[in-house]
2 protein chains.
Amino acid sequence: MTDTPALSAPSFRPLYDQIKILITQSLIGGEWKPGEAIPSEIELAARYQVSQGTVRKAIDLLAAENILVRRQGKGTFVSTHTEPKTQYRFLRIIPDGSEKVNPTTTFIDVKKNRASAEIARALDLKLGAPVMSIRRVLVFAGKPVILDEVVISAALVPGLTMEKIQESKGSIYSFFETAYGLRMIRAEERLTAVPANEFAAAHLKVRKNAPLLCVDRIAFTYGDKPVEWRRGLCLTEGYSYYNELA
Amino acid sequence: MTDTPALSAPSFRPLYDQIKILITQSLIGGEWKPGEAIPSEIELAARYQVSQGTVRKAIDLLAAENILVRRQGKGTFVSTHTEPKTQYRFLRIIPDGSEKVNPTTTFIDVKKNRASAEIARALDLKLGAPVMSIRRVLVFAGKPVILDEVVISAALVPGLTMEKIQESKGSIYSFFETAYGLRMIRAEERLTAVPANEFAAAHLKVRKNAPLLCVDRIAFTYGDKPVEWRRGLCLTEGYSYYNELA
DNA sequence: GAGTGGTCTAGACCACCCC
DNA sequence: GGGTGGTCTAGACCACTCT
């Protein structure tokens with residue numbers, strides 16, 4: 001989905017693709033921060049010495065990947081997880097039959113751990129590397145619906161504590177973005193059905209072995225670098241995982 | 001996702017959008033059939049009296065929706081579910097850790113039914129309207145993995161029998177396409193975790209009440225018209241539902 | 001009114017496919 | 001070589017937002 005600058009040259013690289021990479025590098029370098037406007041198409045065209053149409057196409061691609069957001073008459077902005085409309089962009093659990101509703105979060109604990117084999121493989125870390133593990137419950141309309149565990153390399157989130165997360169309000173990606181400049185660009189999920197273990201049963205207030213939706217996620221930052229592993233256990237009575245296929 | 005020509009005029013409709021609608025109407029009318037090439041951009045530009053760039057943008061949009069497929073040097077083609085590469089386009093269940101594999105199908109029965117409230121609502125039919133119901137098992141590498149029921153208005157598939165489907169080989173959408181000219185463009189799915197009932201347990205060879213992934217789908221044809229309702233029960237040991245978030 | 005993204009055009013040239 | 005889609009340009013004009 002996202003591009004890989006890659007060493008294996010595709011034998012021909014369109015100009016707009018090169019511009020796209022240059023813009024991406026400026027985003028990685030922090031020249032333009034989430035929520036801010038990037039320079040206008042005309043300015044970028046002058047800067048890169050190409051036509052406006054070529055810049056336009058590069059921006060079109062980045063907008064299609066939700067990395068940039070166009071707003072007519074105002075400018076082009078760097079995507080962010082901190083705005084109300086987009087803070088739960090990756091959350092696909094919604095109430096049956098009704099509109100998407102944002103949950104509130106209750107934290108269980110925030111601990112330092114060592115990467116298991118599964119997590120080390122997913123996040124491209126060494127086995128046993130230090131990671132932070134965040135466990136929490138997402139509550140929809142007063143009802144606990146998702147129990148999840150978020151795991152991220154400790155090196156990426158120095159000084160992380162439960163208190164800091166709780167102060168931040170909003171989604172955890174919003175927190176990662178503002179506190180550590182860590183931006184989640186895309187994610188891959190794998191869903192399975194599992195019986196509730198005791199821990200999940202207690203937190204979600206269901207009986208042990210009740211069927212739960214297990215959502216495993218790996219989230220990526222720029223350059224398709226995996227940075228977060230997550231497992232969510234969701235009860236699906238009154239709620240379901242919504243997906244569009246095209 | 002797909003456009004609605006709509007009566008509520010958006011106060012301004014770009015030319016490329018109008019061209020897109022004209023092309024879509026030709027697709028609905030059957031002027032160009034699945035798998036065939038549509039006229040070249042230059043021809044279409046002449047036909048609609050617009051520039052090639054405008055036709056190009058209209059085709060870009062249709063290609064982004066997987067309604068058309070571009071092939072450099074050859075032409076632009078109408079998408080189809082009949083080719084090996086695309087016949088299981090909407091199937092998201094894949095083996096853990098390995099590549100996508102196409103399943104084989106075992107049919108259980110094909111019956112005429114009356115639309116339940118749920119199905120009538122989903123397919124925009126009258127309660128009790130005649131529908132065809134197809135039940136089958138999808139088998140991956142010798143192992144039964146999905147038990148599903150496909151429901152479609154009987155009016156859309158006259159003379160449907162199990163024998164006809166079995167003769168057709170390939171996916172059921174491929175069959176609908178070739179036998180009835182019915183083309184599935186997009187779909188919405190809702191996933192839940194449910195305990196296996198006796199019927200599912202027997203067909204998937206799991207114990208009763210084992211957790212299964214329940215995948216409810218509504219599939220749409222041109223003009224966002226819902227035409228198929230489907231419920232799949234999937235065992236998720238060794239298999240999972242894969243999804244990309246952007 | 002000035003500035004931004006959005007549309008539309010016309011034309012040149014490139015990459016790919018097939019004859 | 002001739003056809004197709006793909007890239008790139010330059011310029012005109014439109015729609016939207018803010019001041």
Short side-chain N/O contact to [N] OP1/OP2 from [X], under 4.0 Å:
X	N	answer
Lys74(A)	dC18(D)	yes
Arg70(B)	dG6(D)	yes
Thr76(A)	dG5(C)	yes

Exercise for review: Determine the contact category for Arg56(A): base if any of its heavy atoms lies under 4.0 Å from a base atom, sugar-phosphate if only primed atoms, P, OP1 or OP2 are that close, otherwise nothing.
Suggested key: base
Exercise: do [X] and [Y] side chains pair donor with acceptor under 3.5 Å:
X	Y	result
Glu228(A)	Tyr173(A)	yes
Glu177(A)	Thr80(A)	yes
Tyr241(A)	Glu189(B)	no

Study note, to complete from the structure: By nearest-nucleotide position on DNA chain D, the 5'-leaning member of Gln52(B) and Gly53(A) is Gln52(B)
**Study point:** 5' priority, DNA chain D, between Ile38(B) and Thr54(A) [closest heavy atom]
**Key:** Ile38(B)
Exercise for review: Identify whether the distance between the nearest side-chain nitrogen and carboxylate oxygen of Lys33(B) and Glu31(B) falls below 4.0 Å.
Suggested key: no
Write down the distance between [atom1] ([X]) and [atom2] ([N]), rounded to a whole number of angstrom.
X	N	atom1	atom2	answer
Phe77(B)	dC16(C)	CZ	P	17 Å
Ile42(B)	dC13(C)	CD1	P	15 Å
Lys57(B)	dC8(C)	NZ	C1'	10 Å
Phe12(B)	dT17(D)	CZ	P	14 Å
Gln49(A)	dT9(D)	CD	C1'	14 Å
Gln72(B)	dT4(D)	CD	P	13 Å
Leu68(A)	dT4(C)	CG	P	16 Å
Arg71(A)	dG6(C)	CZ	P	12 Å

Practice item. Give the nucleotide from the list dG6(D), dG5(C), dC8(C) with an atom nearest to the side chain of Pro14(B). Key: dC8(C)
Point to revise | Closest to side chain of Ser51(A), choosing from dT4(C), dG5(D), dA10(D) | key: dA10(D)
Review point. Between His81(B) and Phe90(B), does the ring centroid distance fall short of 6.0 Å?
Key: yes
